[in-house]
Each structure stands twice: as C-alpha cells, then as structure tokens.
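Everything numeric here is computed off the predicted structure, so don't read it as measured data. Whatever order the structure lists them in is the order used to number ligands and atoms, beginning at 1.
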Amino acid sequence: MLGRKSVLVSGASIAGPALSWWLGAAGWDVTVVERFDRLREEGQNVDVRGVGRTVLRRMGLEEAVRAAHTGETGTDFIDGRGRPYASFAAGADDTGGLTAELEILRGRLARILHNHSAGSADYVFGDRISALHDDGHGVDVEFVRSAGRRFDVVVLAEGLRSRSRDLIMPDAPVHELGLYTAHLTLPRTAADDDRWRVFAAGRGRQVSLRPDSTGGGPDNPADAADAENPDSTASVRAFLSLVSDVRGLDRLDTDALVAVLRGTFADAGWETPRILDALDNGSLYFDAVGQVKLPVWSRGRVALLGDAAYCPSPISGMGTTLALAGAYVLAGELNRHDTPRTAFTRYEQLLRPLVERAQKLPPGAPRIAHPRTGPQQALFRAVLRAAATPLAGRLSSRAGALFTPPAEAIALPHYPAPGRPSIAP
Ligand SMILES: Cc1cc2nc3c(=O)[nH]c(=O)nc-3n(C[C@H](O)[C@H](O)[C@H](O)COP(=O)(O)OP(=O)(O)OC[C@H]3O[C@@H](n4cnc5c(N)ncnc54)[C@H](O)[C@@H]3O)c2cc1C
C-alpha cells in the first residue's frame with residue numbers, strides 16, 4: 001500500500017497489543033518490540049470494567065475474554081482462622097464489584113490480545129529501544145539488538161517503570177505508594193474455593209488467595225491451556241502484600257527478596273506457610289506499587305500509553321481498563337488526524353478525565369487495608385462489616401461507590417470500524 005504509515009509499539013502486554021490490533025487493522029505497518037524473549041504470562045487477576053469492556057466488545061473479543069474468566073464468585077475478608085467476617089458478591093454489571101464481572105488472568109488477556117493482533121503486526125521479542133531521534137518528520141530508532149529503523153510514530157507501552165520513557169521525559173516521576181506485592185502460583189488444595197479470600201494479618205501485611213481457572217501449576221503459571229495439558233495441577237493465585245517505609249525492595253535479587261518475604265510473613269498465620277513454601281517454585285512476581293501522573297503524555301512523534309503514561313496502580317482496579325481505552329482512543333485519533341501532534345493532543349483531552357478519576361484512590365489507601373496495630377485492624381473489620389450489610393448494599397451511594405471504580409467516567413468516541421476482518425483469538 002502506498003503511503004502506509006508506520007508505528008513502533010514498545011511493550012507487548014495489554015496496551016501495546018491492543019493498540020497494535022487497532023492500527024494494524026486500519027492498515028498501519030506495525031512493529032511491536034518486547035524486551036522479554038517471550039510473551040510474559042505472569043501476574044494475577046486483572047479487572048476489565050466499563051469502557052475497557054466496551055473496547056473489548058468493539059474488538060470482537062468480549063466472549064473470548066469472558067470464556068477465560070477466573071471463575072471468582074466474590075470476595076471474603078477472613079480472620080486468622082479463615083472465617084469470613086465480610087463478604088461481597090462479584091459485580092453483576094460492566095463496572096462494579098471488588099471482583100469484577102469480567103475478571104481474567106493478566107497473562108491470559110495478554111495472550112488473547114497478542115493472538116488477535118499477531119496477523120497484522122510484527123512482534124520482535126528479546127529486544128528494546130536504545131535511542132530515539134525525532135527530527136519532526138519521523139523517528140529514527142536504535143535497538144539494542146536489531147538494526148535501526150525509521151518510523152512515523154513511536155508509542156511506548158512499557159508499563160509503570162518504562163525505561164524508554166526516560167529518553168523523552170528524563171524526569172518523569174513514579175509516585176511510590178509504599179506498598180509491595182508478591183504474586184505466586186500454588187497447587188490448588190481441597191481447602192481452596194472460588195472466592196477471593198483476603199486476610200489482613202497485622203503489621204502492614206495482607207495475605208490473599210484467589211481462584212484462577214487454569215490447570216497451571218508451578219511450571220506453567222499463567223496461561224496453561226488445560227486441553228493441551230490435562231495432567232497439569234490445578235492452581236490458585238496467592239498474594240503477599242506489605243506496606244513499608246523501606247524503599248527499594250523491588251530492586252533486591254530473588255534470593256534476598258525471598259529471605260525478606262520469609263522473615264516478614266513467617267508468623268502471619270492462616271495459609272501463609274503454604275504460600276511461603278511456594279516462594280521457590282519459580283512463579284514469584286514482585287512489584288512496588290506506584291502511580292504515574294504526567295502533565296503531558298507525548299513529546300513530538302513519541303507517545304506514552306497505558307501504565308507508562310498514567311498507571312493508576314492495581315489498587316484502583318483500573319489499570320487494564322485505562323490501557324484498553326487508551327489504546328482505542330490513541331488509535332482512533334491517529335487514524336483521524338494526519339499529524340501525530342494533533343492526534344496526541346486529542347488522545348490526551350479525551351482520556352484525561354477518565355485517568356484523573358481512576359487515579360483517585362479510596363481514602364487511606366493502601367494503608368487502611370494493611371492495618372498495623374490491633375485498633376487499626378478492628379477499625380478495618382468494622383468498616384468492612386458495615387459495607388457488607390444488605391442495607392449498605394442497597395445504598396447506591398457511598399458503600400457501593402467504594403467498590404465501584406469510575407470506569408464509565410467518559411463516553412468513548414465512535415471511530416469507524418477497521419477495514420480488515422478481525423483475526424480469531
Ligand atoms: C508480568 C506482569 C505481571 C502483572 N501482574 C499484574 C497483576 O497481577 N495485577 C494487576 O493488577 N496488574 C498486573 N500487571 C500490570 C497490568 O498488566 C497493567 O497495570 C495494565 O494491564 C496496563 O498494562 P500495560 O500494557 O500498560 O503495562 P504492563 O502490563 O506493565 O506491560 C508493559 C510491557 O512492556 C514491557 N517492557 C517494559 N520495558 C520495556 C522496554 N524497555 N522495551 C520493551 N518492552 C518493555 C514489559 O515486559 C511488559 O510486557 C502486571 C504486569 C506485568 C508486565
């Protein structure tokens with residue numbers, strides 16, 4: 001095709017592949033570079049809500065994602081003996097609930113989006129950008145491994161701690177929230193059920209277990225296709241999270257990190273020993289939780305997308321929804337305008353109201369859900385018990401709003417449907 005526009009998308013998780021599908025389907029020449037040597041399938045449940053779900057619907061993927069639902073039926077806050085003291089049903093609509101109605105493992109969603117876009121985008125794994133030279137008419141990109149190339153537009157969808165972002169915005173800060181989370185995959189036992197069980201263990205610690213619907217197991221943590229692997233062990237997902245004033249735990253090497261987690265959670269109680277036993281099984285994914293709040297999301301012909309631009313943190317339950325909505329709006333505006341500058345400005349104008357709402361975390365988060373002392377724990381339980389009463393459930397205002405992220409805060413623009421037929425997931 002004459003005059004085909006080219007785009008380099010850096011990062012193959014959620015935002016990158018979603019953008020790649022929209023642009024590839026509209027006829028762009030799309031290259032995706034991912035620094036890992038494979039599609040990353042780690043991670044736990046992510047929620048797709050409101051406008052995020054609308055985007056999946058418009059991509060023809062809602063049913064594929066629904067079919068990969070984790071099967072979680074709701075959330076129980078439990079005491080040290082595993083007895084629930086406050087229970088919440090899964091959301092019954094597009095938007096609400098601690099457990100969203102469309103809840104999927106991050107790795108499965110990444111796989112679905114990758115497969116959907118792979119026919120109209122070139123994926124390059126195991127490489128990354130080393131330099132960007134924007135001369136106003138295009139961007140010359142240098143890579144660590146591949147030969148340099150020129151693109152009309154570059155989009156960085158590299159997540160919270162994007163390194164290439166430093167090439168265009170060297171001082172972009174990550175607002176650390178003082179919360180660390182370790183994610184693990186464990187063999188499922190008879191004691192496990194289909195609830196998200198959350199235990200506030202005191203001293204700023206929280207332990208939780210969630211169903212995952214895979215037959216995964218330690219060697220195949222995230223995206224085990226049971227049909228291909230009928231002997232695989234059924235698994236559940238575990239979280240250890242910790243509020244701490246110590247910075248830099250996420251930069252420890254694995255051995256040091258495992259030692260810190262063992263020491264910190266040794267006496268936490270409930271199912272924690274079983275989770276600590278799994279620290280060596282190779283499924284550990286550890287992250288420091290933060291937000292990205294930037295005054296602009298682009299420089300010249302290079303734009304930021306998803307968590308790299310506006311990470312709201314997993315506490316918001318909105319990261320994946322923003323990534324999908326951002327990809328849709330950015331692609332729509334790039335297709336609508338000849339100059340990237342105009343497209344990037346419109347993308348920002350349209351999406352920023354949703355981002356700002358998503359980044360407003362519940363009062364006291366994340367500390368309130370990680371009580372340190374006995375009185376703080378008692379307060380936390382009292383608040384949850386009150387929120388779980390049928391009366392609170394009927395009040396659409398405060399209690400309901402507490403667990404209902406603002407996923408409908410904007411009306412998505414309607415862009416013309418892409419010309420090409422969609423590729424089956
Ligand atoms: C492995 C992993 C596990 C996660 N687990 C959870 C979870 O359990 N719960 C939750 O709520 N959220 C989780 N997230 C974050 C969640 O996916 C995002 O908040 C949200 O979906 C937005 O996605 P994103 O595509 O913008 O960014 P991300 O999902 O963070 O993806 C960024 C992608 O860019 C790649 N990348 C990074 N740097 C470079 C580089 N220099 N060059 C090329 N590629 C690069 C990364 O490897 C990754 O594939 C996880 C992310 C990852 C990468």
**Student:** In a table with atom names and distances, give each donor-acceptor pair under 3.5 Å that connects a side chain of residues 288-297 to protein atoms at least two apart or in another chain.
**Tutor:**
residue: Q291; atom: NE2; partner: P312; partner atom: O; Å: 2.8
residue: Q291; atom: NE2; partner: Q359; partner atom: O; Å: 3.1

**Student:** Report the residues that fulfil side chain to side chain contact (heavy atoms under 4.5 Å, CB included) with R38, sequence neighbours left out, ordered by chain and then residue number.
**Tutor:**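 Side chain to side chain contact (heavy atoms under 4.5 Å, CB included) list for R38, sorted by chain: F36, R40, E42.
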**Student:** Write out the protein residues near ligand 1, meaning a non-hydrogen atom under 4.0 Å from one of its atoms, in order of chain and number.
**Tutor:**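 These residues qualify: S10, G11, A12, S13, I14, A15, V33, E34, R35, F36, R40, E42, G43, Q44, N45, V46, R106, R128, A157, E158, G159, S164, H183, Y285, G306, D307, P314, G319, T320, A323.
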**Student:** Between R301 and D140, does a salt bridge (Lys or Arg N to Asp or Glu O under 4.0 Å) hold up when you go through it step by step?
**Tutor:** CA-CA 11 Å; R301 288 178 168 257; D140 290 309; over 6 Å; no
**Student:** Please enumerate all residues that pass ring pair (Phe, Tyr, Trp, His ring centres under 6.0 Å) together with F239, with sequence neighbours excluded.
**Tutor:**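 Testing F239 for ring pair (Phe, Tyr, Trp, His ring centres under 6.0 Å), a comparison that skips the adjacent residues, returns H183.
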**Student:** Y180 vs F286 aromatic rings, parallel, tilted or perpendicular, using cut-offs 30° and 60°?
**Tutor:**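 It falls in the parallel class, under 30°.
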**Student:** Can you label the angle between the H114 ring and the F125 ring as parallel, tilted or perpendicular, going by 30° and 60°?
**Tutor:**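 H114 and F125: tilted rings.
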